[in-house]
Amino acid sequence: MIRTRFAPSPTGFLHIGGARTALFSWAFARHHQGQFVLRIEDTDVARSTPAAVQAILDGMEWLGLAHDEGPFYQMQRMDRYKEVIRQMLADGHAYYCYTTPEELDAMREEQRAKGLKPRYDGTWRPEPGKTLPTPPAGVLPVIRFKNPTDGVVAWDDLVKGRIEIANAEMDDLIIARQDGTPTYNFCVVVDDWDMKITHVIRGDDHVNNTPRQINILKALGADVPLYAHLSMILGDDGQKLSKRHGAVSVMQYHEDGYLPEAVLNYLARLGWSHGDDEVFSMEQFCAWFDLDHITPSAAQFNTEKLNWLNAHYLKLADNARLAALVKPRLETRRVVVTETPSLEAIIGLYKERVTNLNELADAAEVFYIELTPNAELLAQHLAPEAKPALADFIAGIKDVAWEAPAIGALIKQCIGTHGLKMPKLAMPLRVLLTGQAQTPSVDAVVALFPREQVLKRLAAAV
RNA sequence: GUCCCCAUCGUCUAGAGGCCUAGGACACAACCCUUUCACGGUUGGUACCGGGGUUCGAAUCCCCGUGGGGACGCCA
(Lines give C-alpha, C1' and ligand atoms only; values in the text may rest on other atoms or scores of the structure.)
Protein backbone atom coordinates (compact mmCIF):
# COMPACT_ATOMS: atom_id res chain seq x y z
CA MET A 1 0.00 0.00 0.00
CA ILE A 2 1.44 3.33 -1.10
CA ARG A 3 1.13 6.02 1.53
CA THR A 4 2.15 9.63 0.99
CA ARG A 5 1.79 12.68 3.15
CA PHE A 6 1.68 16.42 2.99
CA ALA A 7 3.17 17.97 6.11
CA PRO A 8 2.96 21.76 6.17
CA SER A 9 3.83 23.85 9.17
CA PRO A 10 1.01 26.23 10.02
CA THR A 11 3.02 29.42 10.04
CA GLY A 12 1.31 30.99 7.06
CA PHE A 13 -1.04 30.35 4.17
CA LEU A 14 -0.79 27.55 1.65
CA HIS A 15 1.35 28.99 -1.08
CA ILE A 16 1.83 27.81 -4.62
CA GLY A 17 4.88 25.67 -3.88
CA GLY A 18 3.15 23.91 -1.03
CA ALA A 19 0.10 23.40 -3.17
CA ARG A 20 2.14 21.69 -5.86
CA THR A 21 3.84 19.45 -3.31
CA ALA A 22 0.43 18.53 -1.95
CA LEU A 23 -0.89 17.96 -5.46
CA PHE A 24 1.93 15.62 -6.41
CA SER A 25 1.70 13.67 -3.15
CA TRP A 26 -2.03 13.40 -3.53
CA ALA A 27 -1.85 12.36 -7.18
CA PHE A 28 0.82 9.77 -6.48
CA ALA A 29 -1.34 8.17 -3.81
CA ARG A 30 -4.39 8.32 -6.08
CA HIS A 31 -2.49 6.80 -8.95
CA HIS A 32 -1.55 3.79 -6.86
CA GLN A 33 -4.87 3.52 -5.02
CA GLY A 34 -2.87 4.44 -1.96
CA GLN A 35 -3.52 6.81 0.87
CA PHE A 36 -2.75 10.45 1.33
CA VAL A 37 -2.10 11.66 4.85
CA LEU A 38 -2.32 15.27 6.03
CA ARG A 39 -0.10 16.15 8.95
CA ILE A 40 0.23 19.54 10.54
CA GLU A 41 3.74 20.19 11.82
CA ASP A 42 3.00 22.63 14.57
CA THR A 43 5.88 22.05 16.97
CA ASP A 44 7.07 25.61 16.50
CA VAL A 45 4.60 26.91 19.03
CA ALA A 46 5.75 30.48 18.69
CA ARG A 47 4.99 30.71 14.98
CA SER A 48 2.13 28.26 14.51
CA THR A 49 -1.40 29.65 14.57
CA PRO A 50 -4.88 28.15 14.32
CA ALA A 51 -5.62 30.68 11.60
CA ALA A 52 -2.79 29.27 9.52
CA VAL A 53 -4.07 25.75 10.05
CA GLN A 54 -7.44 26.88 8.77
CA ALA A 55 -5.85 28.68 5.83
CA ILE A 56 -4.08 25.50 4.80
CA LEU A 57 -7.23 23.43 5.19
CA ASP A 58 -9.16 26.00 3.15
CA GLY A 59 -6.58 25.97 0.39
CA MET A 60 -6.59 22.19 0.21
CA GLU A 61 -10.34 22.12 0.12
CA TRP A 62 -10.61 24.74 -2.60
CA LEU A 63 -8.22 22.73 -4.73
CA GLY A 64 -10.06 19.53 -3.94
CA LEU A 65 -7.04 17.75 -2.53
CA ALA A 66 -8.79 15.52 -0.06
CA HIS A 67 -6.77 13.57 2.46
CA ASP A 68 -7.56 10.02 3.46
CA GLU A 69 -6.13 10.33 6.96
CA GLY A 70 -5.62 13.17 9.35
CA PRO A 71 -5.09 15.95 9.84
CA PHE A 72 -2.70 14.78 12.50
CA TYR A 73 -1.20 17.42 14.73
CA GLN A 74 2.31 16.93 16.02
CA MET A 75 1.55 18.81 19.21
CA GLN A 76 -0.90 16.05 20.05
CA ARG A 77 1.76 13.40 19.64
CA MET A 78 4.20 14.70 22.25
CA ASP A 79 3.91 11.64 24.45
CA ARG A 80 4.89 9.40 21.59
CA TYR A 81 7.95 11.51 20.69
CA LYS A 82 9.09 11.59 24.29
CA GLU A 83 8.69 7.85 24.56
CA VAL A 84 10.91 7.35 21.51
CA ILE A 85 13.48 9.77 22.89
CA ARG A 86 13.59 7.86 26.18
CA GLN A 87 14.20 4.70 24.24
CA MET A 88 16.99 6.29 22.19
CA LEU A 89 18.64 7.57 25.36
CA ALA A 90 18.44 4.08 26.82
CA ASP A 91 19.83 2.51 23.65
CA GLY A 92 22.71 4.96 23.45
CA HIS A 93 21.48 6.58 20.22
CA ALA A 94 21.00 9.89 21.95
CA TYR A 95 22.66 11.82 24.74
CA TYR A 96 22.35 14.92 26.89
CA CYS A 97 24.33 17.95 25.83
CA TYR A 98 24.98 20.89 28.13
CA THR A 99 26.47 23.25 25.63
CA THR A 100 24.52 26.51 25.83
CA PRO A 101 23.10 28.41 22.87
CA GLU A 102 25.65 31.17 23.50
CA GLU A 103 28.50 28.70 23.39
CA LEU A 104 27.11 27.25 20.19
CA ASP A 105 26.92 30.66 18.57
CA ALA A 106 30.51 31.37 19.47
CA MET A 107 31.56 27.97 18.18
CA ARG A 108 29.80 28.49 14.87
CA GLU A 109 31.22 31.94 14.42
CA GLU A 110 34.72 30.68 14.98
CA GLN A 111 34.26 27.81 12.53
CA ARG A 112 32.85 30.05 9.87
CA ALA A 113 35.77 32.40 10.30
CA LYS A 114 38.09 29.49 9.64
CA GLY A 115 36.16 28.58 6.49
CA LEU A 116 34.70 25.47 8.04
CA LYS A 117 31.16 24.23 8.03
CA PRO A 118 29.60 25.30 11.33
CA ARG A 119 28.72 22.33 13.52
CA TYR A 120 28.52 21.06 17.07
CA ASP A 121 31.91 19.87 18.30
CA GLY A 122 30.77 16.77 20.16
CA THR A 123 31.91 17.78 23.63
CA TRP A 124 29.12 15.86 25.35
CA ARG A 125 29.02 12.96 22.95
CA PRO A 126 29.76 9.75 24.81
CA GLU A 127 32.37 7.47 23.30
CA PRO A 128 33.89 4.27 24.63
CA GLY A 129 36.73 5.17 26.95
CA LYS A 130 35.89 8.87 26.88
CA THR A 131 35.36 10.75 30.13
CA LEU A 132 32.56 13.27 29.80
CA PRO A 133 32.79 16.69 31.49
CA THR A 134 30.76 17.25 34.64
CA PRO A 135 27.37 18.77 33.82
CA PRO A 136 27.43 22.43 34.80
CA ALA A 137 24.97 23.50 37.46
CA GLY A 138 21.94 25.45 36.31
CA VAL A 139 22.20 24.46 32.65
CA LEU A 140 19.30 22.55 31.20
CA PRO A 141 20.53 20.02 28.67
CA VAL A 142 19.24 19.39 25.16
CA ILE A 143 19.18 15.90 23.75
CA ARG A 144 21.25 15.15 20.68
CA PHE A 145 21.13 12.29 18.24
CA LYS A 146 24.38 10.35 18.06
CA ASN A 147 25.00 10.52 14.33
CA PRO A 148 27.39 7.98 12.80
CA THR A 149 30.81 9.46 12.16
CA ASP A 150 32.00 7.38 9.25
CA GLY A 151 30.65 6.21 5.97
CA VAL A 152 28.06 7.82 3.77
CA VAL A 153 24.32 8.03 3.78
CA ALA A 154 22.92 7.44 0.34
CA TRP A 155 19.51 7.20 -1.19
CA ASP A 156 18.10 6.99 -4.66
CA ASP A 157 16.05 10.09 -4.89
CA LEU A 158 13.06 9.49 -7.13
CA VAL A 159 13.51 12.90 -8.73
CA LYS A 160 17.19 13.68 -8.49
CA GLY A 161 18.78 10.29 -8.66
CA ARG A 162 21.36 8.95 -6.27
CA ILE A 163 22.51 11.33 -3.60
CA GLU A 164 25.33 10.53 -1.21
CA ILE A 165 26.37 12.56 1.77
CA ALA A 166 29.27 11.74 4.05
CA ASN A 167 28.42 11.28 7.70
CA ALA A 168 31.45 13.40 8.43
CA GLU A 169 29.46 16.32 7.02
CA MET A 170 26.85 16.02 9.70
CA ASP A 171 26.94 16.86 13.37
CA ASP A 172 24.78 15.51 16.17
CA LEU A 173 21.51 17.27 15.75
CA ILE A 174 19.31 18.30 18.63
CA ILE A 175 16.21 16.14 18.86
CA ALA A 176 14.83 17.67 22.06
CA ARG A 177 15.11 21.25 23.25
CA GLN A 178 15.95 22.41 26.76
CA ASP A 179 12.26 22.44 27.55
CA GLY A 180 12.02 18.84 26.44
CA THR A 181 9.99 19.44 23.30
CA PRO A 182 11.14 17.45 20.28
CA THR A 183 12.41 19.18 17.17
CA TYR A 184 11.32 18.98 13.55
CA ASN A 185 13.74 16.47 12.10
CA PHE A 186 12.97 14.06 14.88
CA CYS A 187 9.18 14.41 14.78
CA VAL A 188 9.16 13.90 11.05
CA VAL A 189 11.03 10.66 11.43
CA VAL A 190 8.75 9.28 14.13
CA ASP A 191 5.65 10.36 12.22
CA ASP A 192 6.72 8.99 8.88
CA TRP A 193 7.57 5.77 10.66
CA ASP A 194 4.36 5.53 12.71
CA MET A 195 2.20 6.60 9.79
CA LYS A 196 3.86 4.02 7.56
CA ILE A 197 4.70 6.57 4.88
CA THR A 198 6.19 4.80 1.87
CA HIS A 199 6.99 7.83 -0.29
CA VAL A 200 8.12 11.14 1.10
CA ILE A 201 7.41 13.77 -1.57
CA ARG A 202 8.54 17.21 -0.46
CA GLY A 203 10.43 20.33 -1.45
CA ASP A 204 14.11 20.02 -2.18
CA ASP A 205 14.97 22.39 0.63
CA HIS A 206 14.73 19.16 2.64
CA VAL A 207 17.46 17.34 0.75
CA ASN A 208 19.95 18.22 3.44
CA ASN A 209 17.64 16.91 6.16
CA THR A 210 17.20 13.59 4.47
CA PRO A 211 20.49 11.94 5.49
CA ARG A 212 19.89 12.97 9.10
CA GLN A 213 16.42 11.52 9.01
CA ILE A 214 17.66 8.32 7.42
CA ASN A 215 20.23 7.93 10.16
CA ILE A 216 17.62 8.34 12.86
CA LEU A 217 15.28 5.94 11.09
CA LYS A 218 18.06 3.37 10.97
CA ALA A 219 18.89 3.88 14.64
CA LEU A 220 15.23 3.23 15.37
CA GLY A 221 15.26 0.11 13.27
CA ALA A 222 12.58 1.57 11.03
CA ASP A 223 12.18 1.04 7.31
CA VAL A 224 13.48 3.95 5.28
CA PRO A 225 10.85 5.38 2.96
CA LEU A 226 11.53 6.40 -0.62
CA TYR A 227 12.20 10.08 -1.17
CA ALA A 228 11.25 12.39 -4.00
CA HIS A 229 12.52 15.95 -3.71
CA LEU A 230 10.72 18.50 -5.81
CA SER A 231 12.63 21.53 -6.93
CA MET A 232 11.31 24.91 -6.06
CA ILE A 233 8.97 27.20 -7.92
CA LEU A 234 10.35 30.62 -8.77
CA GLY A 235 8.27 33.75 -9.17
CA ASP A 236 7.16 35.23 -12.47
CA ASP A 237 10.35 37.28 -12.45
CA GLY A 238 12.62 34.28 -11.90
CA GLN A 239 13.23 35.26 -8.30
CA LYS A 240 12.75 33.04 -5.32
CA LEU A 241 9.34 33.29 -3.74
CA SER A 242 9.25 34.45 -0.16
CA LYS A 243 6.84 36.14 2.22
CA ARG A 244 8.48 39.37 1.28
CA HIS A 245 8.56 38.70 -2.42
CA GLY A 246 5.79 37.28 -4.54
CA ALA A 247 4.56 34.39 -2.45
CA VAL A 248 0.80 34.41 -2.40
CA SER A 249 -1.82 32.16 -0.91
CA VAL A 250 -3.57 29.78 -3.26
CA MET A 251 -6.72 31.44 -1.97
CA GLN A 252 -5.49 34.63 -3.59
CA TYR A 253 -6.00 32.86 -6.90
CA HIS A 254 -9.54 32.19 -5.83
CA GLU A 255 -9.90 35.89 -5.04
CA ASP A 256 -8.43 36.79 -8.39
CA GLY A 257 -11.05 34.76 -10.19
CA TYR A 258 -9.20 31.61 -11.11
CA LEU A 259 -10.95 28.28 -11.27
CA PRO A 260 -9.40 25.54 -9.16
CA GLU A 261 -9.15 23.19 -12.12
CA ALA A 262 -7.08 25.79 -13.97
CA VAL A 263 -4.69 26.26 -11.06
CA LEU A 264 -4.42 22.51 -10.62
CA ASN A 265 -3.78 21.88 -14.30
CA TYR A 266 -1.20 24.64 -14.35
CA LEU A 267 0.58 23.33 -11.28
CA ALA A 268 0.54 19.80 -12.62
CA ARG A 269 2.52 20.91 -15.65
CA LEU A 270 4.99 22.88 -13.60
CA GLY A 271 7.80 20.42 -13.18
CA TRP A 272 5.98 17.40 -14.51
CA SER A 273 5.04 16.40 -18.02
CA HIS A 274 3.31 13.73 -19.97
CA GLY A 275 4.66 14.14 -23.48
CA ASP A 276 2.99 17.06 -25.20
CA ASP A 277 -0.16 16.99 -23.12
CA GLU A 278 -1.06 20.38 -21.71
CA VAL A 279 -4.73 20.35 -20.84
CA PHE A 280 -6.13 17.51 -18.80
CA SER A 281 -8.50 16.73 -15.97
CA MET A 282 -7.39 15.72 -12.51
CA GLU A 283 -8.74 12.27 -13.21
CA GLN A 284 -6.48 12.02 -16.23
CA PHE A 285 -3.61 13.50 -14.23
CA CYS A 286 -3.93 10.87 -11.52
CA ALA A 287 -4.00 8.15 -14.13
CA TRP A 288 -0.85 9.49 -15.75
CA PHE A 289 1.09 10.79 -12.81
CA ASP A 290 4.41 9.22 -11.95
CA LEU A 291 7.65 10.36 -10.40
CA ASP A 292 9.72 9.50 -13.49
CA HIS A 293 8.71 12.60 -15.38
CA ILE A 294 9.40 15.21 -12.77
CA THR A 295 11.99 17.79 -13.75
CA PRO A 296 14.84 18.13 -11.29
CA SER A 297 15.39 21.80 -12.06
CA ALA A 298 13.55 24.78 -10.65
CA ALA A 299 10.54 26.12 -12.56
CA GLN A 300 9.51 29.70 -13.05
CA PHE A 301 5.87 30.52 -12.52
CA ASN A 302 4.18 31.93 -15.60
CA THR A 303 0.98 33.84 -14.99
CA GLU A 304 0.31 34.18 -18.73
CA LYS A 305 0.00 30.46 -19.10
CA LEU A 306 -2.19 30.18 -16.03
CA ASN A 307 -4.40 32.87 -17.55
CA TRP A 308 -4.65 30.93 -20.76
CA LEU A 309 -5.65 27.77 -18.91
CA ASN A 310 -8.15 29.68 -16.82
CA ALA A 311 -9.74 31.18 -19.93
CA HIS A 312 -9.90 27.69 -21.36
CA TYR A 313 -11.66 26.23 -18.32
CA LEU A 314 -13.99 29.20 -18.15
CA LYS A 315 -15.21 28.42 -21.66
CA LEU A 316 -15.82 24.83 -20.63
CA ALA A 317 -17.55 25.62 -17.36
CA ASP A 318 -21.26 25.31 -16.89
CA ASN A 319 -23.10 28.66 -16.91
CA ALA A 320 -25.01 27.95 -13.72
CA ARG A 321 -21.81 27.10 -11.89
CA LEU A 322 -20.15 30.28 -13.13
CA ALA A 323 -23.18 32.33 -12.19
CA ALA A 324 -22.93 30.98 -8.65
CA LEU A 325 -19.28 32.02 -8.57
CA VAL A 326 -19.81 35.44 -10.12
CA LYS A 327 -22.86 36.44 -8.09
CA PRO A 328 -20.99 36.83 -4.77
CA ARG A 329 -18.42 38.94 -6.54
CA LEU A 330 -21.17 41.25 -7.78
CA GLU A 331 -22.72 41.36 -4.33
CA THR A 332 -19.39 42.42 -2.89
CA ARG A 333 -19.59 45.36 -5.26
CA ARG A 334 -23.12 46.03 -4.00
CA VAL A 335 -24.56 45.19 -7.37
CA VAL A 336 -28.08 43.82 -7.05
CA VAL A 337 -28.47 40.87 -9.37
CA THR A 338 -32.05 40.73 -10.57
CA GLU A 339 -33.93 37.95 -12.36
CA THR A 340 -33.60 39.81 -15.64
CA PRO A 341 -31.28 40.23 -17.34
CA SER A 342 -30.34 36.63 -16.69
CA LEU A 343 -26.90 36.31 -15.15
CA GLU A 344 -26.51 32.87 -16.65
CA ALA A 345 -27.31 34.18 -20.11
CA ILE A 346 -24.85 37.05 -19.71
CA ILE A 347 -22.18 34.62 -18.60
CA GLY A 348 -22.93 32.30 -21.49
CA LEU A 349 -22.23 35.14 -23.86
CA TYR A 350 -19.18 36.61 -22.12
CA LYS A 351 -17.32 33.58 -20.81
CA GLU A 352 -15.76 33.00 -24.22
CA ARG A 353 -13.86 36.25 -24.01
CA VAL A 354 -12.67 36.71 -20.45
CA THR A 355 -9.71 35.44 -18.48
CA ASN A 356 -11.13 35.24 -14.99
CA LEU A 357 -14.26 35.45 -12.88
CA ASN A 358 -13.63 39.07 -11.96
CA GLU A 359 -13.64 40.05 -15.61
CA LEU A 360 -16.86 38.14 -15.93
CA ALA A 361 -18.22 40.16 -13.04
CA ASP A 362 -17.02 43.35 -14.73
CA ALA A 363 -18.91 42.39 -17.85
CA ALA A 364 -22.05 41.40 -15.98
CA GLU A 365 -22.07 44.44 -13.73
CA VAL A 366 -23.13 46.90 -16.42
CA PHE A 367 -26.33 44.95 -16.96
CA TYR A 368 -27.51 45.60 -13.42
CA ILE A 369 -26.42 49.11 -12.55
CA GLU A 370 -27.83 52.47 -13.50
CA LEU A 371 -25.75 53.33 -16.50
CA THR A 372 -24.80 56.88 -17.25
CA PRO A 373 -23.82 57.17 -20.90
CA ASN A 374 -20.14 57.70 -21.41
CA ALA A 375 -20.11 61.04 -23.23
CA GLU A 376 -16.67 60.60 -24.65
CA LEU A 377 -17.30 57.15 -26.06
CA LEU A 378 -20.64 58.26 -27.37
CA ALA A 379 -19.19 61.25 -29.15
CA GLN A 380 -16.60 58.96 -30.65
CA HIS A 381 -19.01 56.31 -31.90
CA LEU A 382 -22.34 58.01 -32.54
CA ALA A 383 -22.02 59.88 -35.81
CA PRO A 384 -24.76 62.43 -36.68
CA GLU A 385 -25.69 60.46 -39.79
CA ALA A 386 -26.39 57.41 -37.65
CA LYS A 387 -29.03 59.09 -35.54
CA PRO A 388 -31.91 58.52 -37.95
CA ALA A 389 -30.99 54.83 -38.11
CA LEU A 390 -30.88 54.69 -34.33
CA ALA A 391 -34.32 56.31 -34.21
CA ASP A 392 -35.61 53.69 -36.63
CA PHE A 393 -34.13 51.00 -34.45
CA ILE A 394 -35.80 52.37 -31.34
CA ALA A 395 -39.09 52.48 -33.19
CA GLY A 396 -38.57 48.96 -34.52
CA ILE A 397 -37.83 47.47 -31.13
CA LYS A 398 -41.41 47.75 -30.01
CA ASP A 399 -42.61 44.89 -32.12
CA VAL A 400 -39.55 42.89 -33.07
CA ALA A 401 -39.38 39.29 -31.84
CA TRP A 402 -37.14 39.39 -28.73
CA GLU A 403 -34.32 37.17 -29.88
CA ALA A 404 -30.89 37.85 -31.32
CA PRO A 405 -31.56 36.84 -34.95
CA ALA A 406 -34.65 39.03 -35.25
CA ILE A 407 -32.90 41.93 -33.55
CA GLY A 408 -29.95 41.44 -35.87
CA ALA A 409 -32.29 41.56 -38.84
CA LEU A 410 -33.80 44.78 -37.52
CA ILE A 411 -30.34 46.34 -37.21
CA LYS A 412 -29.52 45.38 -40.78
CA GLN A 413 -32.79 46.82 -41.96
CA CYS A 414 -32.13 50.11 -40.18
CA ILE A 415 -28.65 50.56 -41.60
CA GLY A 416 -29.91 49.46 -45.02
CA THR A 417 -32.50 52.19 -45.34
CA HIS A 418 -29.93 54.83 -44.41
CA GLY A 419 -27.08 53.44 -46.44
CA LEU A 420 -24.82 52.87 -43.43
CA LYS A 421 -22.22 50.26 -42.61
CA MET A 422 -22.80 47.93 -39.68
CA PRO A 423 -20.46 49.59 -37.16
CA LYS A 424 -22.20 52.93 -37.58
CA LEU A 425 -25.17 51.59 -35.69
CA ALA A 426 -23.63 48.68 -33.80
CA MET A 427 -21.04 50.81 -32.04
CA PRO A 428 -23.38 53.42 -30.57
CA LEU A 429 -25.69 50.62 -29.48
CA ARG A 430 -22.83 48.99 -27.61
CA VAL A 431 -21.87 52.22 -25.92
CA LEU A 432 -25.42 53.13 -25.00
CA LEU A 433 -26.31 49.72 -23.65
CA THR A 434 -23.14 48.70 -21.87
CA GLY A 435 -21.03 51.81 -21.64
CA GLN A 436 -18.34 49.94 -23.52
CA ALA A 437 -17.16 49.87 -27.10
CA GLN A 438 -16.14 46.23 -26.94
CA THR A 439 -18.90 43.71 -26.45
CA PRO A 440 -19.99 40.44 -27.97
CA SER A 441 -22.20 40.49 -31.04
CA VAL A 442 -24.48 43.48 -30.54
CA ASP A 443 -27.75 41.72 -31.39
CA ALA A 444 -26.99 39.10 -28.74
CA VAL A 445 -26.21 41.81 -26.22
CA VAL A 446 -29.48 43.60 -26.97
CA ALA A 447 -31.37 40.35 -26.51
CA LEU A 448 -29.97 39.92 -23.02
CA PHE A 449 -31.86 42.96 -21.76
CA PRO A 450 -35.58 43.21 -21.27
CA ARG A 451 -37.13 45.24 -24.05
CA GLU A 452 -38.04 48.20 -21.80
CA GLN A 453 -34.53 48.45 -20.44
CA VAL A 454 -33.13 48.73 -23.96
CA LEU A 455 -35.59 51.48 -24.72
CA LYS A 456 -34.62 53.26 -21.55
CA ARG A 457 -30.90 53.09 -22.22
CA LEU A 458 -31.23 54.13 -25.83
CA ALA A 459 -33.41 57.07 -24.87
CA ALA A 460 -30.31 58.71 -23.44
CA ALA A 461 -29.07 59.36 -26.96
CA VAL A 462 -32.08 61.26 -28.25
C1' G B 1 33.52 29.30 3.50
C1' U B 2 31.87 23.92 3.44
C1' C B 3 28.42 20.34 1.59
C1' C B 4 24.37 19.22 -1.74
C1' C B 5 21.43 20.10 -6.14
C1' C B 6 20.42 22.15 -11.00
C1' A B 7 21.49 23.80 -16.38
C1' U B 8 17.10 22.68 -24.07
C1' C B 9 13.33 28.64 -27.24
C1' G B 10 11.61 34.84 -23.12
C1' U B 11 8.63 30.91 -19.98
C1' C B 12 6.78 25.64 -18.98
C1' U B 13 8.65 21.50 -21.23
C1' A B 14 9.49 16.79 -25.03
C1' G B 15 13.98 14.35 -25.55
C1' A B 16 16.64 8.10 -21.69
C1' G B 17 23.37 7.70 -28.24
C1' G B 18 21.29 7.64 -34.42
C1' C B 19 13.81 8.93 -35.22
C1' C B 20 16.65 16.11 -33.75
C1' U B 21 18.62 20.67 -40.08
C1' A B 22 15.60 19.60 -31.73
C1' G B 23 8.94 18.61 -31.06
C1' G B 24 4.61 20.75 -28.17
C1' A B 25 2.39 24.70 -25.14
C1' C B 26 2.23 29.94 -23.19
C1' A B 27 3.83 34.63 -24.82
C1' C B 28 5.13 37.37 -29.40
C1' A B 29 4.39 38.64 -34.92
C1' A B 30 1.67 38.21 -39.49
C1' C B 31 -2.54 36.62 -41.99
C1' C B 32 -7.64 34.59 -42.08
C1' C B 33 -12.49 34.90 -39.74
C1' U B 34 -15.44 39.29 -38.25
C1' U B 35 -20.49 43.82 -36.40
C1' U B 36 -16.15 46.43 -32.35
C1' C B 37 -12.89 43.85 -29.01
C1' A B 38 -12.00 39.11 -28.06
C1' C B 39 -12.50 33.75 -29.18
C1' G B 40 -11.06 30.56 -33.00
C1' G B 41 -7.96 29.04 -37.36
C1' U B 42 -3.31 29.18 -40.25
C1' U B 43 1.71 30.52 -40.62
C1' G B 44 6.38 32.36 -38.60
C1' G B 45 10.80 33.61 -35.56
C1' U B 46 13.59 32.25 -31.25
C1' A B 47 16.87 27.20 -27.55
C1' C B 48 20.57 22.16 -26.51
C1' C B 49 25.66 27.45 -20.89
C1' G B 50 31.26 26.85 -22.35
C1' G B 51 35.42 23.56 -22.99
C1' G B 52 37.41 18.88 -23.15
C1' G B 53 36.70 13.67 -23.63
C1' U B 54 34.03 8.54 -24.75
C1' U B 55 31.76 6.90 -29.53
C1' C B 56 31.28 5.50 -36.37
C1' G B 57 27.68 8.99 -34.15
C1' A B 58 26.02 13.15 -28.09
C1' A B 59 20.98 17.72 -26.41
C1' U B 60 21.43 12.78 -24.43
C1' C B 61 27.28 9.39 -21.19
C1' C B 62 32.04 11.15 -18.34
C1' C B 63 35.32 15.21 -16.59
C1' C B 64 36.46 20.34 -15.84
C1' G B 65 34.79 25.26 -15.89
C1' U B 66 30.90 28.92 -15.57
C1' G B 67 26.29 30.37 -13.92
C1' G B 68 22.01 29.65 -10.74
C1' G B 69 19.74 27.56 -6.37
C1' G B 70 19.51 25.08 -1.60
C1' A B 71 21.45 23.69 3.21
C1' C B 72 24.74 24.52 7.22
C1' G B 73 19.00 26.81 13.82
C1' C B 74 17.29 24.56 20.86
C1' C B 75 12.65 27.04 12.52
C1' A B 76 9.96 23.84 9.82
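Convention: sequence-line order gives letters A, B, ...; per-chain numbering from 1.
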Give a yes or no on whether the ring-centroid distance for [X] and [Y] is below 6.0 angstrom.
{"X": "A:Y258", "Y": "A:Y313", "result": "no"}
{"X": "A:H274", "Y": "A:W288", "result": "yes"}
{"X": "A:F24", "Y": "A:F289", "result": "yes"}
{"X": "A:F6", "Y": "A:W26", "result": "no"}

For [N] versus [M], give the span between their [atom1] atoms, rounded off to a whole number of Å.
{"N": "B:rU13", "M": "B:rA47", "atom1": "C1'", "result": "12 Å"}
{"N": "B:rA27", "M": "B:rC12", "atom1": "P", "result": "15 Å"}
{"N": "B:rC26", "M": "B:rC39", "atom1": "P", "result": "11 Å"}
{"N": "B:rU54", "M": "B:rG17", "atom1": "C1'", "result": "11 Å"}
{"N": "B:rG10", "M": "B:rC62", "atom1": "C1'", "result": "32 Å"}
{"N": "B:rG41", "M": "B:rG52", "atom1": "P", "result": "45 Å"}
{"N": "B:rU2", "M": "B:rG65", "atom1": "P", "result": "12 Å"}
{"N": "B:rU11", "M": "B:rC32", "atom1": "C1'", "result": "28 Å"}

Below 4.0 angstrom, N of the basic side chain to O of the carboxylate: do [X] and [Y] qualify?
{"X": "A:R47", "Y": "A:D44", "answer": "yes"}
{"X": "A:E164", "Y": "A:R162", "answer": "yes"}
{"X": "A:E278", "Y": "A:K305", "answer": "yes"}
{"X": "A:R212", "Y": "A:D171", "answer": "yes"}
{"X": "A:E109", "Y": "A:R112", "answer": "no"}
{"X": "A:E41", "Y": "A:R39", "answer": "yes"}

Side chain of [X] - closest among [options]:
{"X": "A:H293", "options": "B:rG1, B:rU36, B:rG15", "value": "B:rG15"}
{"X": "A:R112", "options": "B:rC4, B:rA7, B:rC72", "value": "B:rC72"}
{"X": "A:P423", "options": "B:rC74, B:rG1, B:rU35", "value": "B:rU35"}
{"X": "A:Q178", "options": "B:rG1, B:rC74, B:rA76", "value": "B:rC74"}
{"X": "A:M422", "options": "B:rU35, B:rC74, B:rA7", "value": "B:rU35"}
{"X": "A:K305", "options": "B:rC75, B:rG1, B:rG24", "value": "B:rG24"}
{"X": "A:I163", "options": "B:rC5, B:rC26, B:rU2", "value": "B:rC5"}
{"X": "A:S273", "options": "B:rC74, B:rG23, B:rA14", "value": "B:rA14"}
{"X": "A:R108", "options": "B:rC74, B:rG70, B:rA7", "value": "B:rC74"}
{"X": "A:Q438", "options": "B:rU36, B:rA76, B:rC12", "value": "B:rU36"}

For [X] and [N], what is the distance between atoms [atom1] and [atom2] respectively, to the nearest whole Å?
{"X": "A:Y184", "N": "B:rC72", "atom1": "OH", "atom2": "P", "value": "11 Å"}
{"X": "A:D105", "N": "B:rC72", "atom1": "CG", "atom2": "P", "value": "14 Å"}
{"X": "A:K160", "N": "B:rA71", "atom1": "NZ", "atom2": "P", "value": "12 Å"}
{"X": "A:D277", "N": "B:rU13", "atom1": "CG", "atom2": "C1'", "value": "12 Å"}
{"X": "A:Q300", "N": "B:rU13", "atom1": "CD", "atom2": "C1'", "value": "13 Å"}
{"X": "A:D292", "N": "B:rA14", "atom1": "CG", "atom2": "C1'", "value": "15 Å"}

Pick base, sugar-phosphate or nothing for [X], based on heavy-atom distances below 4.0 Å to the nucleic acid.
{"X": "A:P440", "result": "base"}
{"X": "A:P296", "result": "sugar-phosphate"}
{"X": "A:A437", "result": "base"}
{"X": "A:E41", "result": "sugar-phosphate"}
{"X": "A:T99", "result": "base"}
{"X": "A:D236", "result": "nothing"}
{"X": "A:H206", "result": "base"}
{"X": "A:M170", "result": "nothing"}
{"X": "A:E278", "result": "base"}
{"X": "A:S48", "result": "nothing"}
{"X": "A:S441", "result": "base"}
{"X": "A:N209", "result": "base"}
{"X": "A:T295", "result": "sugar-phosphate"}
{"X": "A:V207", "result": "sugar-phosphate"}

**Item:** Contact nearer the 5' end of RNA chain B, comparing A:L116 with A:H381
**Value:** A:L116
**Request:** Hey, which sits more toward the 5' end of RNA chain B by its nearest nucleotide, A:M427 or A:V142?
**Result:** A:M427
May I ask which nucleotide in the shown strands pairs with [N], Watson-Crick or G-U wobble, both distances under 3.5 Å?
{"N": "B:rC3", "value": "B:rG70"}
{"N": "B:rC56", "value": "B:rG18"}
{"N": "B:rC75", "value": "none"}
{"N": "B:rU36", "value": "none"}
{"N": "B:rA30", "value": "B:rU42"}
{"N": "B:rA25", "value": "B:rU11"}

**Asked** Syn versus anti for B:rC39, judged by chi lying within 90° of 0?
**Response** syn
**Prompt:** Think A:R77 forms a cation-pi with A:W193, using NZ or CZ under 6.0 Å from the six-ring centre and within 45 degrees of its axis?
**Reply:** no
Determine whether any donor atom in the side chain of [X] lies under 3.5 Å from an acceptor atom in the base of [N], or the reverse, and answer yes or no.
{"X": "A:R269", "N": "B:rU13", "value": "no"}
{"X": "A:D204", "N": "B:rG70", "value": "no"}
{"X": "A:R119", "N": "B:rC72", "value": "no"}

**Asked** For B:rC3, does OP1 or OP2 lie under 4.0 Å from any side-chain N or O of A:R212?
**Response** no
**Prompt:** More than 12 heavy atoms of other residues, nucleotides or ligands under 6.0 Å from CZ of A:F280: is that the case?
**Reply:** yes
Set out, line by line, the N/O atom pairs under 3.5 Å between protein and nucleotides 39-48 of chain B.
none

